[in-house]
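Take a look at the structure set out below.
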There are 2 protein chains.
Amino acid sequence: MPKFISIKASDGLTEREAEYLKAIFNLELMSKKGVVGSLEVANFMGVSCATASEVLKKLYEKGLLNREPWRGVSFSEKGMMEVNRILRNHRIFETYAYRFLSISLEDACECANRIELQISDKIIDSMCRILGHPEKCLHNNDIPRRISCCLRK
Amino acid sequence: MPKFISIKASDGLTEREAEYLKAIFNLELMSKKGVVGSLEVANFMGVSCATASEVLKKLYEKGLLNREPWRGVSFSEKGMMEVNRILRNHRIFETYAYRFLSISLEDACECANRIELQISDKIIDSMCRILGHPEKCLHNNDIPRRISCCLRK
DNA sequence: AACCTAATTTAGGTTATGCCTAAATTTATC
DNA sequence: GATAAATTTAGGCATAACCTAAATTAGGTT
């Protein structure tokens with residue numbers, strides 16, 4: 001009879017895996033080929049190629065990435081949704097903290113990084129509504145919408 | 001040259017260790033003896049005595065608990081500060097989410113549990129100020145103060 | 001004082017994450 | 001077609017969180 005129920009991270013994604021997803025997202029933006037290789041990920045994350053390769057394989061096995069071995073990875077439908085959810089959480093929270101809690105840009109961003117995986121959809125949607133469903137964050141990046149929240153005509 | 005700096009949890013406390021700290025806090029409140037034993041912790045956390053004992057020892061080694069072997073543990077100065085910080089974060093966030101984000105009590109509490117370790121002092125202090133430095137949370141528990149924030153005369 | 005029991009601790013083992021180096025493999029280029 | 005660069009596999013290591021089984025200790029009983 002455990003009286004204490006432990007809280008799990010989102011979707012069986014570890015903190016670290018989420019960081020890799022964000023790395024891949026950034027690299028995909030910059031890259032000309034439509035695909036991201038393990039070396040790029042390794043450099044970005046500061047780990048060895050072997051490690052990067054393993055992680056990419058694992059994220060593929062979790063259905064978050066498409067993978068052509070020896071060529072590279074790209075986001076699957078599911079992976080794109082996941083990374084969008086994380087980016088949305090980050091950017092809405094950051095914007096809210098800046099505008100309503102008088103937190104500096106850097107501090108807001110730093111804290112967003114730490115909670116973006118754990119914070120609940122309901123809270124982000126509420127912040128989003130209060131902010132008027134903004135399209136851009138403070139760094140002028142797009143804020144992904146959630147359909148059930150952002151029905152801005 | 002890592003371009004990505006990973007975010008660490010507070011004070012080298014793992015998520016799980018923080019849960020144990022909160023368990024000990026609750027048990028200390030309820031207990032008549034001034035000390036909490038491994039069996040109590042084990043039951044509360046839903047783990048074996050052996051596991052509880054190990055964790056208590058580790059938290060002692062980290063300076064968060066006083067420990068009299070074969071008798072039990074209590075909070076050290078440092079441990080009390082840590083658990084107060086966590087409770088403060090939880091209770092301020094929860095109250096803010098309920099009052100300003102129209103989140104239900106249960107949802108607010110559930111999310112507070114997930115972010116209480118990661119959220120920054122600055123954000124909690126800001127929420128605290130906006131709430132007018134409340135003394136009690138929604139469950140009518142005391143909200144620990146931070147000196148630099150809550151100078152309520 | 002010796003005993004017994006219940007609580008506690010130690011010892012040794014398991015699984016999963018996240019990393020590594022070194023060795024193989026494939027792709028691409030000259 | 002050889003060779004260099006990128007990628008992957010194989011095998012290892014450390015740490016977190018657990019476990020069971022075996023010791024150890026404290027406290028109450030006779």
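Throughout, protein chains are lettered first and strands after them, A, B, ... in sequence-line order, and every chain is numbered starting at 1. If you're wondering where the values come from, they're calculated on a predicted model, not measured in any experiment.
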Applying side chain to side chain donor-acceptor pair (under 3.5 Å), name anything that partners B/Ser31, two or more places apart in sequence or on another chain.
-> none

Which part of the nucleic acid does B/Ala50 contact within heavy-atom distance under 4.0 Å: base, sugar-phosphate only, or nothing?
-> base

Applying salt bridge (charged side-chain N to carboxylate O under 4.0 Å, His left out), which residue pairs with at least one partner in residues 63-80 of chain B are found, sequence neighbours left out?
-> B/Glu68-B/Arg71

At what angle, to 10 degrees, do the two end axes of the helix from C/dA1-D/dT30 to C/dC30-D/dG1 meet, given five pairs define each axis?
-> 10°

What does A/Ser38 touch in the nucleic acid at a heavy-atom separation under 4.0 angstrom: a base, only the sugar-phosphate, or nothing?
-> sugar-phosphate

Taking ring pair (Phe, Tyr, Trp, His ring centres under 6.0 Å) as the test, write out the residues that go with B/Tyr60, two or more places apart.
-> none

What salt bridge (charged side-chain N to carboxylate O under 4.0 Å, His left out) pairs are there with at least one residue in residues 116-126 of chain B, not counting sequence neighbours?
-> A/Asp107-B/Lys122, B/Lys22-B/Glu116, B/Arg85-B/Asp121, B/Arg88-B/Asp125, B/Asp121-B/Arg146, B/Asp125-B/Arg146

For A/Phe93, the ring pair (Phe, Tyr, Trp, His ring centres under 6.0 Å) test, sequence neighbours excluded, returns none

So where does chain B start and stop touching DNA chain C, 5' to 3', when the test is distance under 4.0 Å to a non-hydrogen atom?
-> C/dA7 to C/dG12

On DNA chain C, more 5' by nearest nucleotide between A/Trp70 and A/Ala52 is A/Ala52

Could you list who else is in A/Met81's hydrophobic cluster, with ILVMFWY side chains joined at under 4.5 Å, directly or through other members?
-> none

Hey, could you give me each pair passing salt bridge (charged side-chain N to carboxylate O under 4.0 Å, His left out) that has a residue in residues 42-56 of chain A? Not counting sequence neighbours.
-> none

Grouping ILVMFWY residues whenever side-chain heavy atoms fall under 4.5 Å, the cluster of A/Leu138 otherwise contains A/Tyr98, A/Leu105

Residues pairing under salt bridge (charged side-chain N to carboxylate O under 4.0 Å, His left out) where one sits in residues 25-45 of chain B, two or more places apart or in two chains, turn out to be B/Lys33-B/Glu40

Would you tell me whether B/Glu15 and A/Gln118 have side-chain atoms, one donor and one acceptor, within less than 3.5 Å of each other?
-> no

So which protein N/O to nucleotides 14-17 of chain D N/O distances come out below 3.5 Å?
unit_1, atom_1, unit_2, atom_2, d
D/dA16, OP2, B/Lys58, NZ, 2.8
D/dA17, OP1, B/Thr14, OG1, 2.8
D/dA17, OP2, B/Thr14, OG1, 3.2

